[in-house]
Amino acid sequence: MSGVQDAMSILISSFHKYSGKEGDKYTLSKAELKDLIQSELGPMLGKANDKAAVDKLFSDLDRNKDNTVDFREYVTLVVSLTVMCNDFFIGKK
């Protein structure tokens, strides 16, 4: 597989590693999202222990307001972080 295909596979498997522990296996609950953030994104987001920060992030990601984060909504987070990292490394503001 190519590097991009590997990245896609990791993105999908990381989502499904946490989704469904508390219900629908195709969505993340707030607790599942918090676990994913703490385990997979670690210091990049850093405030997974801050309930208000997790609540705000969950609310922002949950675009359809169904009280879960689906794969599309999760990818929004990953893409946004990836763009920010790219901008940082190439020196853009």
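Source: prediction; values computed, not measured.
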S.K.: If hydrophobic clusters are built from ILVMFWY residues whose side chains come within less than 4.5 Å, do M8 and L11 share one?
M.R.: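 Shared cluster, no.
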S.K.: Considering all heavy atoms of both residues, which atom of T27 and which atom of E32 are nearest to each other, and what is their separation?
M.R.: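 Residues T27 and E32, closest heavy atoms: O-OE1, 3.3 Å.
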S.K.: Quick check: is V79 connected to Y74 through a chain of hydrophobic side chains (ILVMFWY, heavy atoms under 4.5 Å apart)?
M.R.: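 Looking at the clustering, V79 is in the same group as Y74.
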S.K.: If you apply the rule side-chain contact (heavy atoms from CB on, under 4.5 Å), what do you find for D87 with M84, and how did you get there?
M.R.: CA-CA 5 Å; D87 289 351; M84 289 174 19; 5.7 Å; no
S.K.: Please check: side-chain N/O of S9 versus main-chain N/O of Q5, any donor-acceptor pairing under 3.5 Å?
M.R.: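 No; judged by distance alone, with no hydrogens or angles, the pair does not exist.
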S.K.: Between Q38 (side chain only) and D35 (backbone N and O only), is there a donor and an acceptor less than 3.5 Å apart?
M.R.: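 Answer holds: no.
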S.K.: Going by the rule salt bridge (Lys or Arg N to Asp or Glu O under 4.0 Å), which residues pair with E22 if we only count those two or more places apart in sequence or in a different chain?
M.R.: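 Expected list: none.
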S.K.: Listing request: all salt bridge (charged side-chain N to carboxylate O under 4.0 Å, His left out) pairs with a residue in residues 55-67, at least two apart in sequence or in separate chains.
M.R.: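 Residue pairs with at least one partner in residues 55-67: K30-D55, K51-D55, K56-D60.
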S.K.: Sort out for me which residue in I37, T68, L36 forms a side-chain contact (heavy atoms from CB on, under 4.5 Å) with L28.
M.R.: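 Answer after filtering I37, T68, L36: L36.
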S.K.: Applying the 4.5 Å side-chain criterion to the ILVMFWY set and letting contacts propagate, would L77 and Y26 be lumped into a single cluster?
M.R.: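 L77 and Y26: separate clusters.
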S.K.: Could you give the distance from CD (E40) to CZ (F15), rounded to the nearest 0.5 Å?
M.R.: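 One gets 12.5 Å once the value is rounded to the nearest 0.5 Å.
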S.K.: Does the side chain of E73 reach to within under 4.5 Å of the side chain of D70, using non-hydrogen atoms?
M.R.: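 Yes; the side chains approach each other to less than 4.5 Å.
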S.K.: Grouping I, L, V, M, F, W and Y whenever their side-chain heavy atoms are under 4.5 Å apart, do I10 and Y18 come out in a common cluster?
M.R.: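 No, no single cluster joins them.
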S.K.: Measure across V69 and F58 and return the closest heavy-atom pair with its distance rounded to 0.1 Å.
M.R.: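 So the two residues come closest at CG2-CE1, 3.5 Å.
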S.K.: Take the angle between the ring planes of F71 and H16 and call it parallel below 30°, perpendicular above 60°, tilted in between.
M.R.: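 Answer is parallel, since the angle falls under 30°.
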S.K.: Distance from S19 atom OG to L33 atom CG, nearest 0.5 Å?
M.R.: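 Atom-to-atom, S19:OG and L33:CG are 11.5 Å apart.
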S.K.: With S13, which residues qualify under side chain to side chain contact (heavy atoms under 4.5 Å, CB included), at least two apart?
M.R.: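 Expected list: none.
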